[in-house]
Amino acid sequence: MKRDLLFAALATIGIMMATSCTNDDNVIRPGDDAQVTFSLGIENALTTRAISDGSSINQLHYAIFSEGKLLISSKDKDVQFPFTTSIPLVKGEEYTAVFWAQNKECEAYTISDDMRSITIDYTNALNNDETRDAFFRSETFTVTDNTTINIVLKRPFAQLNVGIPEETWNLAEHLGVKFSTSEVEIKKAAGTLNLIDGSVDDLKDIKFKANDIPTEPLKVDINCDGTDESYKYLSMCYFLAPSTPDDPDAHNLKDGAAKTLLDDIKFVFRADNGSSEITLGSITNVPVQRNHRTNIIS
């Protein structure tokens with residue numbers, strides 16, 4: 001009832017404004033449509049092909065909610081970012097828009113029918129798989145007129161890398177050992193992501209199966225001097241890190257949940273001729289965080 005009275009009062013104000021002006025283009029009439037354009041970008045996207053640059057992302061799912069109800073959902077393939085899409089929405093209404101962007105070749109992510117959550121399938125996950133990268137964002141806004149909303153999608157995953165100095169790699173090759181595949185086991189990764197509030201659930205132990213080691217260099221500013229040093233990749237994976245509810249920053253889920261320490265991580269590195277295998281097990285106190293890279297350099 002209060003809402004109806006408010007809309008009636010606003011409509012009356014609108015009529016008064018229209019009679020007192022020669023041009024009523026800027027009068028807001030509740031119930032009219034406005035064109036809302038979403039300009040979408042990917043955080044830290046690069047123009048050159050590299051791991052975690054976002055260039056593998058080419059499919060967009062989005063949904064529009066009003067008062068908690070799903071109004072619009074869409075899936076666009078062959079999308080290139082930055083990307084824009086426009087939707088007519090009713091002036092005076094509040095909406096929440098949800099966006100999920102991924103590689104269209106990846107079948108590991110299932111979006112719920114109500115567009116509220118993503119389920120991650122780790123069953124046949126391969127290590128060093130760039131197609132598992134993805135980005136998301138939700139945004140709540142009120143429509144007043146035709147407008148453009150700029151949104152930066154961010155990675156919901158933690159990225160876990162392992163690298164070694166190039167001289168160590170070269171020495172191993174000189175001794176006849178060339179590592180070609182790697183795998184990793186992680187305890188208590190999350191299996192579901194709430195697309196609206198960013199929370200995670202369904203903790204489980206996961207394994208990224210053996211897959212070819214990336215050939216490109218791992219760039220890390222190990223000295224924090226503003227210059228990246230170059231290392232040889234041994235392992236790379238994306239996974240949904242568990243949240244830490246008692247951390248004061250854990251509420252900031254959309255932009256990056258608080259750091260979480262993982263224990264009992266296990267890596268296995270194998271040589272291409274099967275002559276060598278190295279296992280690094282029971283690694284503890286590994287800090288991981290959404291939308292961040294954790295680099296283990298040996």
Q.
Just so I know, are the side chains of Pro165 and Tyr231 near enough to count as touching, which here means a heavy-atom distance under 4.5 Å?
A. yes

Rounding to 0.5 Å, atoms CZ (Phe135) and CD1 (Ile151) come to a distance of 15.0 Å

Query - Residues, nucleotides or ligands: over 12 heavy atoms within 6.0 Å of Asp113 CG - result: no

Next item on the list: Mark yes or no for whether Asn194, through its side chain, and Asp197, through its backbone, hold a donor-acceptor pair below 3.5 Å.
Entry: yes

Rounding to 0.5 Å, atoms CD1 (Ile296) and CD1 (Ile265) come to a distance of 6.0 Å

task: Classify the ring geometry between Tyr238 and Phe157 as parallel (under 30°), tilted (30 to 60°) or perpendicular (over 60°).
output: tilted

*Heavy-atom check, side chain of Val288 versus side chain of Ile186, under 4.5 Å*: no

| request: Following the transitive rule for hydrophobic clusters with a side-chain heavy-atom cut-off under 4.5 Å over Ile, Leu, Val, Met, Phe, Trp and Tyr, establish whether Phe81 and Val152 coincide in one cluster. | output: no

Between Ala241 and Ala190 the two heavy atoms that sit nearest each other are O-CB, 4.3 Å

Aromatic ring proximity, centroids under 6.0 angstrom, Phe38 and Phe99 = yes

* To do: Apply the test side-chain contact (heavy atoms from CB on, under 4.5 Å) to residues Lys209 and Glu183: give CA-CA distance (whole Å), side-chain angles for both, the deciding distance (0.1 Å), then the verdict.
  => CA-CA 5 Å; Lys209 297 180 180 180; Glu183 64 184 55; 5.6 Å; no

Measure from the side-chain N and O atoms of Asn128 to the backbone N and O of Asn211, and report whether any donor-acceptor pair falls under 3.5 Å.
-> yes

Worksheet item: Taking the side chain from Asn161 and the backbone from Met236, do they hold a donor-acceptor pair closer than 3.5 Å?
Response: no

Parallel, tilted or perpendicular: which describes the rings of Phe179 and Phe269, with under 30° parallel and over 60° perpendicular?
-> perpendicular

Margin query: Quick check against the 3.5 Å criterion: does Asp114 have a side-chain atom that pairs as donor or acceptor with the backbone of Arg116?
Written below: yes

For Thr279 and Lys266, the nearest pair of non-hydrogen atoms, with its separation, is CG2-CE, 3.7 Å

query = Does the Thr37 side chain pair with the main chain of Thr148, one donor and one acceptor, at a distance under 3.5 Å?
reply = no

In this structure, NZ of Lys178 is separated from OG of Ser276 (nearest 0.5 Å) by 14.0 Å

Closest non-hydrogen contact found for Val36 with Phe141 is CG1-CE1, 4.3 Å

Check: Do Tyr109 and Phe239 share a hydrophobic cluster (ILVMFWY, side-chain heavy atoms under 4.5 Å, transitive)?
Finding: yes

Is there a path of hydrophobic side-chain contacts, each under 4.5 Å between heavy atoms of I/L/V/M/F/W/Y residues, joining Val220 to Val286?
yes

query: Going by atom types alone, do Thr119 and Thr192 pair a side-chain donor with an acceptor below 3.5 Å?
result: no

Quiz item: Is the shortest heavy-atom distance from the side chain of Ile120 to the side chain of Arg132 under 4.5 Å?
Solution: yes

- Message: Strictly below 4.0 Å, N to O, side chains only: are Lys188 and Asp263 in salt-bridge contact?
- Response: no

(Q) Please check this pair: side chain of Ser56 against backbone of Thr131, looking for a donor-acceptor N/O pair closer than 3.5 Å. (A) no

Between Val90 and Tyr95, the two heavy atoms sitting closest are N-OH, 3.0 Å

Evaluate Asp205 against Glu185 for side-chain contact (heavy atoms from CB on, under 4.5 Å), listing each step before the verdict. CA-CA 8 Å; Asp205 297 344; Glu185 296 180 22; over 6 Å; no

* Check: Arg290 side chain, Pro156 main-chain N or O, donor-acceptor pair, under 3.5 Å -> yes

Distance col, row Leu60:CG vs Ser74:OG, nearest 0.5 angstrom, shows 7.5 Å

dist Glu216:CD -> Leu218:CG (nearest 0.5 Å) comes out at 9.5 Å

What one should report as the nearest heavy-atom pair of Pro242 and Val200 is CA-CG2, 4.2 Å

**Item:** Side chain to side chain, Trp100 and Met115, heavy atoms closer than 4.5 Å
**Value:** no

query = Is any NZ, NE, NH1 or NH2 atom of the basic residue among Lys232 and Glu166 found under 4.0 Å from an Asp or Glu carboxylate oxygen of the other?
reply = no

Please tell me if the side chains of Arg270 and Ser182 come closer than 4.5 Å, counting only heavy atoms from C-beta onward. no

Note to self: I'd like to know if the side chain of Tyr62 reaches the main chain of Ala101, judged simply by a donor and an acceptor atom lying under 3.5 Å from each other, with no hydrogens or angles considered.
What the structure shows: no

Rounded to the nearest 0.5 angstrom, the OG1-CD distance for Thr227 and Glu229 is 7.0 Å

Closest non-hydrogen contact found for Lys204 with Gly191 is CE-CA, 4.3 Å

Give the cluster check for Val268 versus Val177: same hydrophobic cluster or not, with ILVMFWY residues linked at side-chain heavy-atom distances below 4.5 Å. no

query = Just wondering, more than 12 heavy atoms not from Glu167 lying within 6.0 Å of its CD?
reply = yes

query = Going hydrophobic residue to hydrophobic residue with side-chain gaps under 4.5 angstrom, can you get from Leu171 over to Tyr233?
reply = no

Practice problem: I would like to know whether Ile118 and Phe136 meet side-chain contact (heavy atoms from CB on, under 4.5 Å); could you show each step before the answer? | Solution: CA-CA 10 Å; Ile118 293 282; Phe136 91 115; over 6 Å; no

Using side-chain contact (heavy atoms from CB on, under 4.5 Å), reason through His61 and Leu195 one step at a time and then give a plain yes or no.
CA-CA 11 Å; His61 300 257; Leu195 291 175; over 6 Å; no

Donor-acceptor side-chain pairing of Thr147 and Asp145 below 3.5 angstrom: no

Please check this pair: side chain of Asn58 against backbone of Lys104, looking for a donor-acceptor N/O pair closer than 3.5 Å.
yes

Original post:
Does Ala210 offer a backbone N or O that forms a donor-acceptor pair with the side chain of Asn127 under 3.5 Å?
Top reply: no

